[in-house]
Amino acid sequence: MSVKQIPQPKTYGPLGNLPLMDKEKPIQQLMNIASEFEGIFKFELPKRTVHFVSSHRLVKEICNESYFDKNINQALQNVRNFSGDGLFTSWSHEANWKKAHNILLPSFSQQAMKGYHAKMVDIAVQLIQKIPALIDEQLANKGAECLIERGEADASHDFDGAYEEWRDQLWIDLADYFELHVETNETDTPSLSLTFVDGTADTPLAKTHQAFTTTVLTNDELQQPCSQRSTRHIEIALPQGITYKEGDHLGVIPKNHKQLVERALTHFHLNGSKIIQLKAETETLSHLPINQTVSLYDLCANFVELQQPVTRTQLRALIAKTVCPPHKFELETLLEKDNYKEKVLSARLTMLDLLEKYPACEMEFIEFIELLPGLKPRYYSISSSPKANDDVLSITVSVVQSEAWSGNGEYKGIASNYLAELKENDPITCFISSPQSGFELPKDPQTPIIMVGPGTGIAPFRGFIQARGTMKKSGIQLGKAHLYFGCRSAEEDYLYQSELEQANEQGVITLHTAFSRMNSQQKTYVQHLMAENGKELIALLDKGAYLYICGDGSKMAPDVENTLIDCYQSVHSVNENQARNWLQALESAGRYAKDVWTG
């Protein structure tokens, strides 16, 4: 490579490469340039040109003496004019230059450089030691009092040991001088602590409910393989200090499922891994991570409801951002009373559905997020008893998954699918909630109870059964307990079948099962079995029994109530209003509790 072929960074007119220099870090800047040009480059300064070589691959070539051409600057030329050819004034083709080269070269050889290391270290050590000693001397000259001798240590030996010995003596001498009592702590407590938490643990929602993060112990399928549906039995570890009672709820802080989050991010052409920070001037957005750094994915997954039906306020905002008149008109028609009920609420139409359907709606992502409500906790009846095991808690979850009513793909329940996908040792953020309905066992275990819980409505009664089983083993006398459980088929969705039948055999409960899809039987629901036992049930309630209903509140619970009202009318020969007043009086007295849901 000739000199002309050596690469050179960009030049700046008469300044050459000078503007490229970093005044604070010139060496680092030259190293960066050398890396860019593979170890050799030309650097032009206002009055001279310098060639830099930093690659080890070029060492042999640049050390070839045949390439050397000594350059004598003007000062040496002036000396040469009156002294002639000397060791330092000769040109490279003259004999004296060779003599000078041979004299100086050994001093810069690799072997010679090895000897310089000890000398350089000695100079550095002298400088390091001289400065503290000088400070010490100057303080003494100024009248300072020395409390402890200045510490010194050899870095090539036990430096830490020498320092610790000096440090410990320093605290002793300081305490003596200032007459202080120093308390020593023998335990070495680290200043840094680490806690594994779920991504939802630090959300405003979790903090509002004082949620805790624990781990999943088991997550098992309760439905039989032939079933088209899914019901999960999930057990979680109960942290120390967290307690509950039978009939309580577990509040779960869910996450929006991955497909739903990615739908939202894809619509707005966003990368979920990007980190953002939200700022707001209103307290109405307190459910969002204001003034915190958060990824776009986590923002959509952990903080907002993406699957709630679009509200009228959201609809109006979408209309205001729609630039296509026909699309705007179609959106406006959804505000009409009948249309809103039929096409929005009944179809569970969401903001995201409409944004995807109407691309002329030019809503920004931040506007979308601001309009969405905060993610809400989901409540599940606890299906275990602390009397059986106070370290473990279980819930029974029906997984909601079906064709979307809006016709837009598949609808997946937010919390149930989040819970269904949890695996052993996965974190879960949750909290204990006690319902205000008084859904708990009577204080007197001899009080009779009637439990009605088809499907996952069995959950709290499994806890009741565990508690009664534990009490029975302890020799406690129990009152009668009737459990009415219903499902489609004994071969398909008979939840906790072996447990229920065992409790029935042991006399913990009297089990009544209703099957609505058994080929060999007539369609039967729990209210049908209760009607058959009407006289006995009314007699128990007249004697102070407690009544509990858990499950579907839209049809099952009303049907059960109507059945009991009919039975009461028949047994006591009263009219319907009197029978309804009787049932209302049971509820007012705290002897009738419901844990029901709709939708």
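The number of heavy atoms from other shown groups lying within 6.0 Å of CD (Glu364) does not exceed 12. Atom CD of Gln277 has more than 12 heavy atoms from other residues, nucleotides or ligands within 6.0 Å. Crowding of Met21 atom CE: a count of heavy atoms from other residues, nucleotides or ligands under 6.0 Å exceeding 12. Around atom CZ of Arg167, more than 12 heavy atoms belonging to other residues, nucleotides or ligands sit under 6.0 Å away.
Annotation: side chain of Glu235 is not in contact with side chain of Val216 (no heavy-atom distance under 4.5 Å). Looking at Leu174 and Ile148, their side chains never come closer than 4.5 Å, going by heavy atoms from C-beta outward. Counting heavy atoms from C-beta outward, Gln259 and Lys412 have side chains that approach closer than 4.5 Å. Looking at Leu260 and Ile414, their side chains come closer than 4.5 Å, going by heavy atoms from C-beta outward. Inter-residue side-chain proximity for His233 and Asn219 is flagged as unmet; no heavy-atom pair is nearer than 4.5 Å. For the pair Tyr297 and Asn302, the minimum side-chain heavy-atom distance is 4.5 Å or more. Contact of the Asn389 side chain with the Leu238 side chain is not registered, since no non-hydrogen atoms from C-beta on lie closer than 4.5 Å. With contacts defined as side-chain heavy-atom distances shorter than 4.5 Å, the pair Phe461/Ser383 does not qualify.
Judged by distance alone, the side chain of Asp595 and the main-chain N or O of Pro460 form no donor-acceptor pair under 3.5 Å. A donor-acceptor contact shorter than 3.5 Å is absent between the side chain of Glu440 and the backbone of Glu246. In this structure, the side chain of Thr429 does not engage the main chain of Phe212 through any donor-acceptor pair within 3.5 Å. Between the Thr49 side chain and the Leu45 main chain, no donor and acceptor come within less than 3.5 Å of each other. Side-chain atoms of Asp426 come within 3.5 Å of backbone N or O of Lys423 as a donor-acceptor pair. In this structure a side-chain-to-backbone donor-acceptor pair under 3.5 Å is present from Asn417 to Val400. Of the possible donor and acceptor atoms, none in the side chain of Ser295 sits under 3.5 Å from a partner among the backbone N and O of Ser273. Side-chain atoms of Asn256 come within 3.5 Å of backbone atoms of Val304 as a donor-acceptor pair (strictly under, hydrogens ignored). The main-chain N or O of Lys387 is found under 3.5 Å from a side-chain atom of Ser385 such that the two form a donor-acceptor pair. Between the side chain of Glu221 and the main chain of Gln223, a donor-acceptor pair closer than 3.5 Å is present.
Contact detail for Leu375 and Pro254: the closest heavy-atom pair is CD2-O, 3.1 Å. Contact detail for Tyr418 and Ile253: the closest heavy-atom pair is CE2-O, 3.8 Å.
With hydrogens and angles left out, the side-chain atoms of Arg378 and Ser416 include no donor and acceptor closer than 3.5 Å. Between the side chains of Thr456 and Ser398, no donor N or O sits under 3.5 Å from an acceptor N or O. For the residue pair Asn32 / Gln28, no side-chain donor-acceptor distance below 3.5 Å is found, with atom types taken as modelled.
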Stepwise side-chain contact (heavy atoms from CB on, under 4.5 Å) test for Glu305 and Leu372 | CA-CA 6 Å; Glu305 292 282 359; Leu372 291 173; 5.9 Å; no
Between Leu265 and Val261, does a side-chain contact (heavy atoms from CB on, under 4.5 Å) hold up when you go through it step by step?
-> CA-CA 6 Å; Leu265 294 173; Val261 172; 3.9 Å; yes
Any chance you could lay out the salt bridge (Lys or Arg N to Asp or Glu O under 4.0 Å) test for Glu44 and Lys42, step after step, and finish with the verdict?
-> CA-CA 7 Å; Glu44 187 177 334; Lys42 180 170 63 175; over 6 Å; no
For Val399 and Thr231, what are the C-alpha separation, side-chain angles and deciding distance, and is it a side-chain contact (heavy atoms from CB on, under 4.5 Å)?
-> CA-CA 6 Å; Val399 182; Thr231 303; over 6 Å; no
I would like to know whether Asp390 and Thr243 meet side-chain contact (heavy atoms from CB on, under 4.5 Å); could you show each step before the answer?
-> CA-CA 8 Å; Asp390 59 3; Thr243 61; over 6 Å; no
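The aromatic rings of Phe52 and Phe41 sit parallel, their planes meeting at an angle under 30°, below the 60° perpendicular limit. Tyr379 and His249 have tilted rings, their planes meeting at an angle from 30° to 60° on a 0 to 90° scale.
In this structure, CZ on Arg462 lies 12.0 Å from CD1 on Ile395, to the nearest 0.5 angstrom. Rounding to the nearest 0.5 Å places CG of Leu422 at 12.0 Å from CG of Leu217. Ile428 contributes atom CD1, which lies 6.5 Å from atom CD1 of Ile234 (distance to the nearest 0.5 angstrom). The CE atom of Met351 lies 4.5 Å from the CE atom of Met363; values are rounded to the nearest 0.5 Å. Distance check, rounded to the nearest 0.5 Å: CZ of Phe303 to CG of Leu205 gives 9.5 Å. Tyr496 contributes atom OH, which lies 4.5 Å from atom CG of Leu222 (distance to the nearest 0.5 angstrom).
Ionic pairing of Glu370 and Lys279 is not present here: no N-O contact between side-chain nitrogen and carboxylate oxygen is shorter than 4.0 angstrom. Between Lys245 and Asp248 there is a salt bridge, since at least one side-chain N of the basic residue sits less than 4.0 Å from a carboxylate O of the acidic one.
A side-chain contact (heavy atoms from CB on, under 4.5 Å) with Ile236 holds for exactly one of Pro427, Cys430, Ser394; it is Cys430.
A distance of 6.0 Å or more separates the ring centres of Tyr244 and Phe431.
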